[in-house]
Amino acid sequence: MAGSQRYLRYILFAFLALVVIFFISASSGVGPGQGYTQKASDLLKGQGSLYQGSGSNTVPAGQGQNDNKLDAKPPAAAKPTIEAEKPAVLAASSTLAAAAATSSAHDTTSPNPKQSSSSTAPLAHKAPGPRMNATFVTLARNSDVWEISRSIRQVEDRFNHAYNYDWVFLNDAEFDETFISVTTALTSGRTRYGKIDSAHWGFPDFIDQEKAAKVREDMHERKIIYGDSVSYRHMCRYESGFFFRHELMLEYEWYWRVEPSIELFCDVSYDPFKFMAENKKKYSFVLSLYEYEATIPTLWDSTKSFMKEHPEHIAEGNSMQFLSDDGGETYNHCHFWSNFEVGNLDWLRSKAYIDFFEHLDKDGGFFYERWGDAPVHSIAAGLMLKKEEIHFFNDIAYYHVPFTHCPTGEKLRLENKCHCNPKDNFDWNGYSCTKRYFEMNKIPLPEGYEKEQ
Ligand SMILES: Nc1nc2c(ncn2[C@@H]2O[C@H](COP(=O)(O)OP(=O)(O)O)[C@@H](O)[C@H]2O)c(=O)[nH]1
Ligand SMILES: *[C@@H]1O[C@H](CO)[C@@H](O)[C@H](O)[C@H]1NC(C)=O
Ligand SMILES: [Mg+2]
């Protein structure tokens with residue numbers, strides 16, 4: 001009798017385990033990125049009463065404190081920009097001595113030696129040679145801290161631990177202490193924090209607020225993504241016309257834009273900024289696709305009136321062929337996906353680009369429609385740069401929900417220690433515009449592309 005009860009208990013346990021596994025796997029998302037956002041704590045929340053003690057996560061005072069904490073300065077109210085200070089570098093020997101001298105829970109459970117935050121040890125290799133006048137740039141909210149942390153770690157592991165380029169963070173609000181200390185700890189270069197001038201983040205006075213509000217309501221009803229969002233529009237306008245003019249950005253010639261929750265799948269063991277400069281490139285991309293038409297119905301009309309008004313800004317040998325299938329009459333909606341960009345800031349600050357941005361801005365489409373910075377940057381690059389000045393970084397493997405660029409060709413992927421699945425590569429998908437870029441530039445399609453589409 002006792003034996004069969006035990007069996008019953010085993011069966012009950014096995015059944016419970018299966019139920020838990022089923023729930024976890026059923027609720028992890030379809031896209032490659034969604035699995036990450038699933039939190040076990042959210043799963044448990046609904047069933048909190050079943051898990052005694054799960055409601056209290058507070059750490060008793062004096063315990064669990066991280067004595068490796070950074071002393072990054074909290075935002076100073078009066079100053080628009082902040083520069084976080086790196087903590088003093090600790091020599092390994094003094095760390096060990098300190099560990100031996102005190103005996104706390106930290107020492108017995110966490111023997112991992114303290115690291116200098118100016119190196120991402122054990123990847124402390126430094127690339128030789130001079131650095132470019134360049135920075136990473138991220139626009140983010142305080143609430144983006146953990147998502148941007150994932151991106152930073154990947155950028156550091158795959159590239160920047162060897163180059164230590166600066167990282168500029170921009171925000172329409174003041175960055176908080178957590179954001180500053182966490183991002184400063186993760187980066188190998190200098191970090192700088194800037195507040196956006198309210199004149200660059202808001203409605204210009206020529207915008208009819210009522211008309212703009214009606215559009216948002218209408219787009220909401222039509223379920224257009226971000227259609228009812230005011231802040232998303234400010235963001236798109238800021239990325240289109242202002243980030244490169246922020247006082248911190250004025251100090252640099254090159255930028256690499258990084259968004260929260262991206263992934264880099266391959267080592268980048270050379271300097272893309274230097275590559276851009278040496279090869280006379282001004283703008284670059286890794287993913288291209290067709291824009292959602294409902295967000296930009298009159299963007300091309302505005303572009304055409306700009307071309308008429310400023311023929312002097314239109315480059316000879318441009319990429320019109322990438323943007324239009326009828327010689328410029330209509331837009332085919334192809335654009336470079338601007339959540340990744342390595343580009344030249346002096347070009348964005350040029351009269352040509354500023355004239356273009358101001359022309360679009362006056363037409364009001366950032367608010368009366370929902371123009372994205374991706375088609376704006378892409379059309380500008382496509383018309384005002386020579387086509388050779390736009391670079392496709394095949395060897396920078398990248399993910400931003402929901403698309404992946406995984407380099408075509410196994411040799412390249414193995415050489416660069418890539419961890420992306422080639423089946424996820426979007427380049428040769430029918431919704432990608434990358435093939436057009438290859439055709440326009442008469443670059444032969446990479447070997448084996450047919451097998452990877
Ligand atoms: N400071 C700030 N950053 C924002 C805001 N909205 C978006 N961002 C940032 O702008 C970038 C694009 O926003 P995201 O939500 O990723 O848009 P998506 O990639 O088009 O879905 C990201 O770097 C965000 O962190 C905002 O209201 N304030
Ligand atoms: C970096 O570039 C900016 C913008 O072009 C320029 O003002 C600055 O002087 C440059 N700095 C260095 C060290 O070359
Ligand atoms: Mg994003």
Side-chain angles (χ1 to χ4, degrees), residues 31 33-34 36-37 75 80 130-152 155 165-176 179-180 183 190 192-198 200-203 224-240 242-263 273-274 276-277 282 286-287 289 291-292 295-296 335-341 343-350 353 366 370-377 398-403:
Q34 275 160 300
Y36 293 104
T37 53
R131 297 293 180 262
M132 300 297 288
N133 186 358
T135 185
F136 287 95
V137 61
T138 292
L139 176 66
R141 295 153 290 211
N142 286 311
S143 57
D144 293 320
V145 62
W146 303 113
E147 283 72 30
I148 195 61
S149 293
R150 279 176 40 208
S151 303
I152 294 171
V155 171
Y165 279 110
D166 289 1
W167 206 306
V168 172
F169 296 91
L170 301 174
N171 189 353
D172 58 307
E174 208 74 66
F175 278 116
D176 64 27
F179 190 98
I180 293 174
T183 53
R190 179 169 59 146
R192 314 178 75 187
Y193 301 85
K195 179 150 189 249
I196 293 166
D197 190 336
S198 58
H200 293 170
W201 189 281
F203 292 97
I224 293 166
I225 186 169
Y226 300 120
D228 60 344
S229 172
V230 173
S231 67
Y232 194 83
R233 285 181 170 79
H234 292 327
M235 182 277 288
C236 289
R237 181 167 174 264
Y238 187 77
E239 293 287 24
S240 298
F242 298 103
F243 83 91
F244 46 85
R245 294 191 265 182
H246 189 280
E247 66 166 342
L248 289 175
M249 298 302 288
L250 293 179
E251 293 179 31
Y252 303 95
E253 189 185 351
W254 300 95
Y255 72 104
W256 179 334
R257 174 169 167 185
V258 177
E259 281 207 1
S261 297
I262 60 118
E263 297 200 51
F273 299 120
K274 189 154 170 265
M276 296 279 288
K282 293 280 195 303
V286 289
L287 282 159
L289 64 158
E291 180 60 303
Y292 192 7
T295 65
I296 51 157
H335 66 290
F336 308 119
W337 220 23
S338 62
N339 47 61
F340 168 96
E341 290 177 324
N344 185 287
L345 292 161
D346 290 333
W347 169 59
L348 292 173
R349 290 186 286 250
S350 68
Y353 186 87
F366 289 108
R370 208 221 65 202
W371 294 352
D373 53 281
V376 171
H377 287 184
Y398 177 83
Y399 168 80
H400 174 296
V401 64
F403 299 117

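Whatever order the structure lists ligands and atoms in, that order sets their numbers, starting from 1. Computed over heavy atoms, backbone and side chain alike; hydrogens, waters and symmetry mates excluded. Nothing fancy with the numbering, it's 1 onward along the sequence.
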Looking at every heavy atom in both [X] and [Y], which two are closest together, and how far apart are they?
X    : Y    : value
G194 : F175 : O-CE1, 4.0 Å
Y193 : L248 : C-CD1, 3.9 Å
Y398 : L287 : CD2-CD1, 3.9 Å
A140 : N171 : O-CG, 3.1 Å

Query - Residue from W201, F366, W371 passing side chain to side chain contact (heavy atoms under 4.5 Å, CB included) with R237 - result: F366
Query raised in the report: Taking the six-membered ring for Trp, are F242 and H200 parallel (under 30°), tilted (30 to 60°) or perpendicular (over 60°)?
Result: parallel
Report task. Classify the ring geometry between F243 and H377 as parallel (under 30°), tilted (30 to 60°) or perpendicular (over 60°). Result -> tilted
Query - Atom pair NE2 (H246) and CG (D197), whose distance is rounded to the nearest 0.5 Å - result: 8.0 Å
Query raised in the report: Using a 4.0 angstrom limit on heavy atoms, which residues are close to ligand 1?
Result: L139, A140, R141, D144, N171, D172, W201, Y226, S231, Y232, M235, E259, P260, H400
**Report entry** Test side chain to side chain contact (heavy atoms under 4.5 Å, CB included) applied to W256 and F340, step by step
**Finding:** CA-CA 7 Å; W256 179 334; F340 168 96; 3.6 Å; yes
Report task. Would you check ligand 2 and list the protein residues that come within less than 4.0 Å of it by any heavy atom, ordered by chain and number? Result ->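 For ligand 2, the contacting residues are N133, L250, E251, Y252, E253, D346, R349.
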Query raised in the report: Between R245, R257, R233, which is the residue that forms a salt bridge (Lys or Arg N to Asp or Glu O under 4.0 Å) with E239?
Result: R257
Query raised in the report: Do side-chain atoms of D176 reach the backbone of N142 as a donor and acceptor pair under 3.5 angstrom?
Result: no
**Report entry** F169 vs V258, side chain to side chain contact (heavy atoms under 4.5 Å, CB included): CA-CA, chis, key distance, verdict
**Finding:** CA-CA 10 Å; F169 296 91; V258 177; over 6 Å; no
Requested in this report: Taking ring pair (Phe, Tyr, Trp, His ring centres under 6.0 Å) as the test, write out the residues that go with Y252, two or more places apart.
Outcome: none
Report task. For the Mg ion (ligand 3), count the protein N, O or S atoms found under 2.8 Å away. Result ->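 N, O or S atoms of the protein closer than 2.8 Å: 2.
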